[in-house]
Amino acid sequence: MVDESVIAAAAGLSVTASLPFLLYGAWIMIDTETVTWTVLMRHLRYIGVGLALTTVPIVGWMLPRLFDRLSGLAVIHAFLGVQAYALLAFALTGIARILQAKRNADAYEDPDVDIDEIHEDMGHWRARLRAGVAGFMLLWLCAWVTGLYRFYAIHVAPMV
(Lines give C-alpha, C1' and ligand atoms only; values in the text may rest on other atoms or scores of the structure.)
Protein backbone atom coordinates (compact mmCIF):
# COMPACT_ATOMS: atom_id res chain seq x y z
CA MET A 1 0.00 0.00 0.00
CA VAL A 2 1.20 3.52 -0.77
CA ASP A 3 2.10 5.64 2.21
CA GLU A 4 -0.32 8.45 3.07
CA SER A 5 2.48 11.01 2.77
CA VAL A 6 3.11 10.04 -0.86
CA ILE A 7 -0.56 10.48 -1.75
CA ALA A 8 -0.67 13.78 0.14
CA ALA A 9 2.41 14.95 -1.77
CA ALA A 10 0.81 13.95 -5.09
CA ALA A 11 -2.36 15.83 -4.17
CA GLY A 12 -0.30 18.87 -3.17
CA LEU A 13 1.71 18.71 -6.40
CA SER A 14 -1.49 18.53 -8.42
CA VAL A 15 -2.92 21.60 -6.72
CA THR A 16 0.42 23.39 -7.10
CA ALA A 17 0.57 22.45 -10.80
CA SER A 18 -2.82 24.08 -11.32
CA LEU A 19 -1.49 27.56 -10.46
CA PRO A 20 0.28 28.20 -13.80
CA PHE A 21 -2.82 27.08 -15.71
CA LEU A 22 -5.07 29.38 -13.69
CA LEU A 23 -2.71 32.33 -14.02
CA TYR A 24 -2.11 31.83 -17.75
CA GLY A 25 -5.83 31.42 -18.36
CA ALA A 26 -6.42 34.72 -16.57
CA TRP A 27 -3.57 36.35 -18.48
CA ILE A 28 -5.17 35.36 -21.81
CA MET A 29 -8.24 37.42 -20.93
CA ILE A 30 -6.28 40.33 -19.45
CA ASP A 31 -3.96 40.56 -22.45
CA THR A 32 -6.68 40.33 -25.12
CA GLU A 33 -8.20 43.53 -26.43
CA THR A 34 -11.27 41.87 -27.96
CA VAL A 35 -12.50 38.50 -26.72
CA THR A 36 -13.48 36.36 -29.68
CA TRP A 37 -14.93 32.86 -29.47
CA THR A 38 -11.47 31.39 -30.23
CA VAL A 39 -9.86 33.40 -27.42
CA LEU A 40 -12.64 32.39 -25.02
CA MET A 41 -12.23 28.69 -25.83
CA ARG A 42 -8.44 28.92 -25.39
CA HIS A 43 -8.97 30.64 -22.04
CA LEU A 44 -11.46 28.01 -20.91
CA ARG A 45 -9.13 25.14 -21.84
CA TYR A 46 -6.43 26.48 -19.51
CA ILE A 47 -8.88 27.34 -16.74
CA GLY A 48 -10.55 23.92 -17.07
CA VAL A 49 -7.23 22.11 -16.63
CA GLY A 50 -6.33 24.34 -13.67
CA LEU A 51 -9.67 23.74 -11.97
CA ALA A 52 -9.47 20.00 -12.60
CA LEU A 53 -5.96 19.82 -11.13
CA THR A 54 -7.29 21.56 -8.03
CA THR A 55 -10.76 20.05 -7.67
CA VAL A 56 -9.94 16.36 -8.18
CA PRO A 57 -7.47 16.20 -5.24
CA ILE A 58 -9.85 18.20 -3.07
CA VAL A 59 -12.79 15.89 -3.69
CA GLY A 60 -10.81 12.66 -3.91
CA TRP A 61 -8.24 13.13 -1.16
CA MET A 62 -8.68 16.18 1.06
CA LEU A 63 -12.41 16.21 1.83
CA PRO A 64 -12.63 12.54 2.87
CA ARG A 65 -9.72 13.04 5.31
CA LEU A 66 -10.71 16.43 6.71
CA PHE A 67 -12.22 15.08 9.92
CA ASP A 68 -9.42 12.54 10.49
CA ARG A 69 -6.97 15.33 11.32
CA LEU A 70 -9.34 18.07 12.38
CA SER A 71 -7.48 20.99 13.86
CA GLY A 72 -7.75 24.74 13.84
CA LEU A 73 -5.45 24.93 10.84
CA ALA A 74 -7.53 22.32 8.98
CA VAL A 75 -10.64 24.38 9.58
CA ILE A 76 -8.92 27.54 8.33
CA HIS A 77 -7.64 25.68 5.26
CA ALA A 78 -11.10 24.27 4.49
CA PHE A 79 -12.79 27.62 5.14
CA LEU A 80 -10.47 29.45 2.74
CA GLY A 81 -11.00 26.78 0.09
CA VAL A 82 -14.78 26.82 0.41
CA GLN A 83 -14.83 30.61 0.23
CA ALA A 84 -12.64 30.51 -2.88
CA TYR A 85 -15.08 28.20 -4.62
CA ALA A 86 -18.01 30.34 -3.43
CA LEU A 87 -16.43 33.36 -5.12
CA LEU A 88 -15.85 31.28 -8.24
CA ALA A 89 -19.56 30.45 -8.26
CA PHE A 90 -20.28 34.18 -7.86
CA ALA A 91 -18.05 34.89 -10.87
CA LEU A 92 -19.86 32.22 -12.88
CA THR A 93 -23.14 34.09 -12.45
CA GLY A 94 -21.54 37.04 -14.23
CA ILE A 95 -19.86 34.87 -16.85
CA ALA A 96 -23.11 33.14 -17.76
CA ARG A 97 -24.94 36.43 -18.34
CA ILE A 98 -22.05 37.94 -20.32
CA LEU A 99 -21.79 34.83 -22.49
CA GLN A 100 -25.53 34.85 -23.13
CA ALA A 101 -25.63 38.56 -24.03
CA LYS A 102 -22.57 38.34 -26.29
CA ARG A 103 -23.95 35.27 -28.08
CA ASN A 104 -27.31 36.98 -28.63
CA ALA A 105 -25.58 40.05 -30.07
CA ASP A 106 -23.11 37.99 -32.17
CA ALA A 107 -20.32 39.87 -30.41
CA TYR A 108 -17.97 36.89 -30.63
CA GLU A 109 -18.08 37.01 -34.44
CA ASP A 110 -18.10 40.82 -34.79
CA PRO A 111 -15.13 42.29 -32.89
CA ASP A 112 -16.31 45.87 -33.54
CA VAL A 113 -19.31 45.54 -31.19
CA ASP A 114 -18.95 47.65 -28.06
CA ILE A 115 -19.49 45.21 -25.19
CA ASP A 116 -20.97 47.87 -22.91
CA GLU A 117 -23.65 48.66 -25.50
CA ILE A 118 -24.94 45.08 -25.69
CA HIS A 119 -26.92 45.17 -22.47
CA GLU A 120 -27.55 47.77 -19.79
CA ASP A 121 -26.38 45.40 -17.02
CA MET A 122 -23.10 44.46 -18.73
CA GLY A 123 -21.02 46.66 -16.41
CA HIS A 124 -22.59 45.00 -13.37
CA TRP A 125 -21.95 41.51 -14.75
CA ARG A 126 -18.35 42.35 -15.60
CA ALA A 127 -17.79 43.76 -12.11
CA ARG A 128 -19.26 40.57 -10.63
CA LEU A 129 -16.94 38.52 -12.81
CA ARG A 130 -13.85 40.53 -11.85
CA ALA A 131 -14.65 40.49 -8.12
CA GLY A 132 -15.37 36.76 -8.17
CA VAL A 133 -12.23 35.81 -10.09
CA ALA A 134 -9.95 38.10 -8.06
CA GLY A 135 -11.46 36.83 -4.81
CA PHE A 136 -11.15 33.22 -5.95
CA MET A 137 -7.46 33.65 -6.78
CA LEU A 138 -6.69 35.50 -3.54
CA LEU A 139 -8.45 32.93 -1.37
CA TRP A 140 -7.07 30.06 -3.46
CA LEU A 141 -3.54 31.36 -2.79
CA CYS A 142 -4.28 31.65 0.95
CA ALA A 143 -5.70 28.11 1.04
CA TRP A 144 -2.71 26.84 -0.95
CA VAL A 145 -0.17 28.36 1.45
CA THR A 146 -2.15 27.01 4.41
CA GLY A 147 -2.22 23.59 2.76
CA LEU A 148 1.52 23.64 2.16
CA TYR A 149 2.08 24.45 5.82
CA ARG A 150 -0.30 21.65 6.87
CA PHE A 151 1.55 19.21 4.61
CA TYR A 152 4.85 20.24 6.17
CA ALA A 153 3.49 20.00 9.73
CA ILE A 154 1.81 16.61 9.22
CA HIS A 155 4.11 14.76 6.82
CA VAL A 156 7.57 16.39 6.87
CA ALA A 157 8.21 17.85 10.32
CA PRO A 158 7.56 14.57 12.22
CA MET A 159 10.35 12.89 10.18
CA VAL A 160 12.94 15.55 11.03
Side-chain angles (χ1 to χ4, degrees), residues 7-67 73-151:
I7 298 171
L13 285 174
S14 178
V15 172
T16 301
S18 72
L19 182 59
F21 288 97
L22 295 171
L23 292 177
Y24 186 68
W27 177 251
I28 289 171
M29 296 307 259
I30 292 168
D31 192 44
T32 302
E33 182 74 25
T34 303
V35 178
T36 63
W37 190 254
T38 305
V39 170
L40 178 65
M41 289 297 110
R42 183 171 174 236
H43 160 75
L44 291 176
R45 279 193 295 273
Y46 281 97
I47 295 300
V49 170
L51 288 174
L53 286 171
T54 295
T55 305
V56 169
I58 288 171
V59 173
W61 170 254
M62 296 174 198
L63 282 178
R65 285 158 185 76
L66 176 64
F67 295 108
L73 195 56
V75 170
I76 291 170
H77 180 65
F79 177 79
L80 291 170
V82 167
Q83 295 306 307
Y85 276 91
L87 280 169
L88 180 62
F90 180 71
L92 289 175
T93 63
I95 292 170
R97 302 297 269 165
I98 293 168
L99 178 67
Q100 179 184 25
K102 284 186 79 169
R103 292 287 285 172
N104 291 342
D106 290 328
Y108 287 113
E109 285 76 30
D110 183 10
D112 295 329
V113 173
D114 184 13
I115 190 170
D116 291 320
E117 298 296 323
I118 294 173
H119 196 279
E120 70 248 8
D121 292 331
M122 187 61 74
H124 174 72
W125 298 334
R126 291 174 77 193
R128 185 184 306 178
L129 170 62
R130 286 185 191 112
V133 169
F136 169 78
M137 284 310 303
L138 179 65
L139 289 168
W140 185 95
L141 287 169
C142 292
W144 178 65
V145 169
T146 307
L148 289 178
Y149 180 75
R150 284 193 69 224
F151 174 79

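Distance check: Tyr108 OH to Leu99 CG gives 4.5 Å after rounding to the nearest 0.5 Å. Here Phe90 contributes atom CZ and Leu129 contributes atom CG; the two are 9.5 Å apart, rounded to the nearest 0.5 Å. Distance check, rounded to the nearest 0.5 Å: CD of Glu120 to CH2 of Trp125 gives 7.5 Å. Here the CG atom belonging to Leu141 is positioned 7.0 Å from the CH2 atom belonging to Trp144, to the nearest 0.5 angstrom. Summarising the geometry, atom OH belonging to Tyr24 is positioned 12.0 Å from atom CD1 belonging to Ile30; distances are rounded to the nearest 0.5 Å. In this structure, CG on Leu40 lies 10.0 Å from CZ on Arg45, to the nearest 0.5 angstrom.
Within the 3.5 Å criterion, the main-chain N or O of Ile118 finds no donor-acceptor partner in the side chain of Lys102. Remark: side-chain polar atoms of His77 are not paired, donor with acceptor, to backbone N or O of Thr146 under 3.5 angstrom. Without hydrogens or angle criteria, Ser14 side chain to Ala10 main chain gives no donor-acceptor distance under 3.5 Å. No side-chain donor-acceptor contact under 3.5 Å links Thr54 to the backbone of Ser18. Between the side chain of Arg126 and the backbone N or O of Met122, no donor-acceptor pair lies under 3.5 Å.
Side-chain contact check for Arg97 and Gln100: at least one donor-acceptor pair (N or O, by modelled atom type) lies under 3.5 Å. Residues Thr55 and Tyr85 bring a donor and an acceptor atom of their side chains to less than 3.5 Å of each other.
Taking every heavy atom of both residues into account, Arg65 and Gly60 meet most closely at NH1-O, 3.9 Å. Residue Leu139 comes nearest to Ala84 through the heavy atom pair CB-CB, 3.8 Å, listed as atom of the first residue, atom of the second, then distance. Of all heavy-atom pairs between Arg128 and Gly94, the closest is CD-N, 3.7 Å. For the residue pair Gly25 and His43, the shortest heavy atom distance occurs at O-ND1, 2.6 Å. Minimum heavy-atom separation, Thr32 to Ile28: OG1-O, 2.5 Å.
Met137 places a side-chain heavy atom less than 4.5 Å from the side chain of Leu19. Between Val39 and Met29, the closest side-chain pair of non-hydrogen atoms falls below 4.5 Å. Contact of the Glu109 side chain with the Arg103 side chain is registered, since non-hydrogen atoms from C-beta on lie closer than 4.5 Å. Residues Leu87 and Leu138 fail the side-chain proximity criterion, which asks for heavy atoms closer than 4.5 Å. In this structure the side chain of Leu53 never reaches within 4.5 angstrom of the side chain of Val15, judged on heavy atoms.
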Assess whether side chain to side chain contact (heavy atoms under 4.5 Å, CB included) is satisfied between Trp61 and Ile7, documenting all intermediate values. CA-CA 8 Å; Trp61 170 254; Ile7 298 171; 3.2 Å; yes

Hey, mind stepping through Thr34 and Val113 against side chain to side chain contact (heavy atoms under 4.5 Å, CB included) and telling me if it holds? CA-CA 9 Å; Thr34 303; Val113 173; over 6 Å; no

